[in-house]
Participant: 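Mind looking over this structure? Questions follow.
In what follows, every chain begins at residue 1, and chains take the letters A, B, ... in the order their sequences are listed. The shown structure was predicted, so the numbers you read here are calculated from the model rather than taken from an experiment.
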Amino acid sequence: MRAPPARARVVCSSSVSVVPAAALTPGPGRSCPELGMFPELNNLLNITPDRAEQGKLTLLCDAKTDGSFLVHHFLSFYLKANCKVCFVALIQSFSHYNIVGQKLGVSLTAARECGQLVFLEGLKSSVDVFFRAQAEPHPLQFLREADAGNLQPLYEFVREALKPMDDGRAAWRCPVLLVDDLSVLLSLGLGAVAVLDFIHYCRVAVCWERKGNIVTLVHDSGDGEDEENDILLNGLSHQSHLILRAEGLATGFCRDVHGQLRILWRTPSQPTAQRDGSLTYQYKIQDKSVSFFAKGMSPAVL
Amino acid sequence: MAAVATCGTGVGSTGSIVAATSKNNVTSFQRKGPRASGTDSGCSRLVSIAGTRPSVRNGQLLVSTGLPALDQLLGGGLAVGTVLLIEEDKYNIYSSLLFKYFLAEGIINGHTLLVASAKEDPADILQELPAPLLDDNYKKDFDKDVCNPQTPDSNIKMKIAWRYQLLPKIESGPVSSSRFGHYYDASKRMPQELIEASKWHGFFFPEKLSSTLNIEPCSLTHGYRKLLQFIQKVIYEEGFDGSNPQKKQKNILRIGIQNLGSPLWGDDICCTENCDNSHSLTKFLYVLRGLLRTSLSACIITMPTHLIQNKAIIARVTNLSDTVVGLESFIGSERETNPLYKDYHGLIHIRQIPRLNNLIYDVSDVKDLAFKLKRKLFTIEGGKTDDFQAPFIQDQKQEVSKRLHLPPDLSDTVSRSSKQDLAESSKLLGPGCGMMAGGKQHLDF
């Protein structure tokens, strides 16, 4: 089934008024639409598309809220940074990310056509894998297997997608693997150890060999009911350089503050925690951006 | 958010106006191609499908769930290509009612239905669908009640509602209706000719058990696998995914799956905590979602989550579904005799609303919602945050008056009598209202 290009969509201006939030850094408070992603988050993380770090594993985690805005941020960030991105999108369809990406200033269709983006659409491929026997091993081959499989075909796919160009010239900057999300792999019959193995292999191939980055999202159930998920989350937290944790507010739902973001910098290789820093901000998601502010400093409250 | 709130009371009228104008001429409300990436390019952008409307926020194609109040809570309706998961109430009374409303809405709009059940024959389910309340029937019922001397103040209530209902003029034909959401009379059955005129496919699991073909071992239980194959066959053959060049389908497929996860489907997650095939249900949901995202269909699933022993599975199922609504009925619980809840039959919890093609989503301000099956209509009303969670307090009278201090409720029968109550109760609360009143008062935001 070939997917024809997405049709023109309805253009409806949103009626939600954008709350002008005071930025914490002395940088400009307004977001430039051509920059895309969330400039305030870039300021908090102290990164710009020109100076993206390399060889890092970033873990995105959400507890009692939806952390997918972080995935959209990193996707548009790395596309803007001219990196080659392999996106394993297991939860939503391509057009979902494309439409949100357009709001953030990147075009996924253009990136896919020129080869910057390799997109594995999990939902569509799962239908193909499940109903028709494939000739060659498919990245989602584990869907057909009766017992707990492993993710080796998926790893081969990622490796193939991010391999360097044959002619030696560096068309793109460092390769990036983006996975949304890893928790769904546990729901599909794989064990936590298999998923951890997969990430380990990808780290060797992407972070170590090619000096690239990996960004992945894991849900946190929070109550300790899902043991496999906790194993996966703890294992990944231990290996990550940067952990972004989106949490719902402890006091419940609020219209003006959608949640709290905890940023934790780690250096897993060094035993002494000399650069382990952590910051906490609250955020509000708007139509095209996310505004961050210190705890209790929401513009709605001040 | 403001736009959603203001169009709350007139949800029926605005929806129908949109549908009417988009049928008549070229407007800015063009049907956005949803995630049905397979729809053929010959289908022009201006053709609109009966019973759907684009979402105000992002142009997503929406269908009605059969309950206009629930549509409003979900941000306008159920998006095409998504799954609505209903967590059943304890005795499966109200969840099966919502299930039937969904199917009845499909019949009224002329959608194709696919009904899957392991407990009842789909033909029997279709016989029990509620009858739609078209305008002239509605008026007849209310005129009958007007003659009833027992309820004098209800006259005002129904007359106002009657005028609301008249706003979009509905043809008196049996099926054709340009409204988006319809009201149903739970005490009457859908007319037989409507059911026979509709197109539906049934999947009754005990019947399919007999035909066991030679299948390769898969971690899905047998029932789920056959159901997936059946759904995929219908979608492909009827052309809902656009891959069949002969069939140009411009209709929505409404899939209804009843009691998914119950032991009748061959799954044991409701029986034991450490089940052998704990991934069967989640894998099924994943592949089902993949099928839905690539076709013009919407799915409702009712699941007895209160029976699932392993709580982790409930969290995974919630993450794999798009919209999740939980029902909690008061039957048999201590709340049945609580005067706080005397008008209501249960609580509705909106557990999850998807963010589709967007960073944000429409969320209603009212978080505590109760439903009641009143005068044959299913209505949903909301209260302040802690009204329905309030524990027993000695001063019952104060508690009851606090409950009446409601924001504009979401039901469509707003009456003058309840507005008077609001005014009185706000006076009552005046001096004592607020967080500083005393130690017994719990926090009230």
Participant: Taking B/K283 for its side chain and A/L143 for its backbone only, find out whether a donor-acceptor pair lies under 3.5 Å.
Facilitator: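 Confirmed, B/K283 side chain pairs with A/L143 backbone.
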
Participant: Begin from the C-alpha positions of A/I91 and B/R289 and carry the test side-chain contact (heavy atoms from CB on, under 4.5 Å) through to its verdict.
Facilitator: CA-CA 9 Å; A/I91 274 289; B/R289 207 149 156 248; 4.1 Å; yes

Participant: Kindly give the heavy-atom pair with the smallest separation between B/N358 and A/D287, and that separation in Å.
Facilitator: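 Closest approach of B/N358 to A/D287, heavy atoms only: OD1-OD1, 3.4 Å.
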
Participant: What closest approach, in Å, do A/S126 and B/V287 show between heavy atoms, and which atom pair accounts for it?
Facilitator: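 Here A/S126 and B/V287 meet closest at OG-CA, 4.4 Å.
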
Participant: For B/L220 and A/F130, which heavy atoms make the closest approach, and how far apart are they?
Facilitator: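 Smallest heavy-atom distance, with atoms named: CD1-CZ, 3.2 Å.
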
Participant: Which bit of B/L281 comes within less than 4.5 Å of chain A, counting heavy atoms only: side chain, backbone, both or neither?
Facilitator: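 For B/L281, neither part sits under 4.5 Å from chain A.
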
Participant: Side chains of B/R355 and A/Q92, heavy atoms from C-beta outward: is any pair under 4.5 Å?
Facilitator: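 No, side chains not in contact.
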
Participant: Would you please go through residues 311-324 of chain B and name the residues with a non-hydrogen atom below 4.5 Å from one of chain A, in numerical order?
Facilitator: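 At a heavy-atom separation under 4.5 Å, chain A is reached by B/K311, B/A312, B/R316, B/N319, B/L320.
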
Participant: How far apart are the closest heavy atoms of B/Y286 and A/L90, and which atoms are they?
Facilitator: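 Smallest interatomic distance, heavy atoms only, reads OH-O, 2.7 Å.
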
Participant: Is there side-chain contact between B/R293 and A/F94, with at least one heavy-atom pair below 4.5 Å?
Facilitator: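 B/R293 does not reach A/F94 side chain to side chain.
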
Participant: Verify, without hydrogens or angle tests, whether A/H96 (side chain) and B/L356 (backbone) share a donor-acceptor contact under 3.5 angstrom.
Facilitator: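 Such a contact is absent between A/H96 side chain and B/L356 backbone.
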
Participant: Report yes if the side chains of A/F69 and B/I360 come closer than 4.5 Å at any heavy-atom pair, otherwise no.
Facilitator: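 No. Closest side-chain heavy atoms not under 4.5 Å.
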
Participant: Tell me, out of A/N229, A/L186, A/V129, who's got the most heavy-atom pairs with chain B below 4.5 Å.
Facilitator: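 With the most close heavy-atom pairs to chain B, the winner is A/L186.
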
Participant: Could you go through A/K103 and B/L359, starting from their C-alpha distance and side-chain angles, then the distance that decides it, and tell me whether this counts as side-chain contact (heavy atoms from CB on, under 4.5 Å)?
Facilitator: CA-CA 9 Å; A/K103 293 189 183 192; B/L359 285 172; 5.9 Å; no

Participant: For atom CD of A/E227, decide whether the heavy atoms of other residues, nucleotides or ligands shown that lie under 6.0 angstrom number more than 12.
Facilitator: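 Not more than 12 within 6.0 Å, no.
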
Participant: Measuring from atom OG1 of B/T294 to atom CG of A/L123, what distance do you get when rounded to the nearest 0.5 angstrom?
Facilitator: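 Output value for this atom pair is 8.5 Å.
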
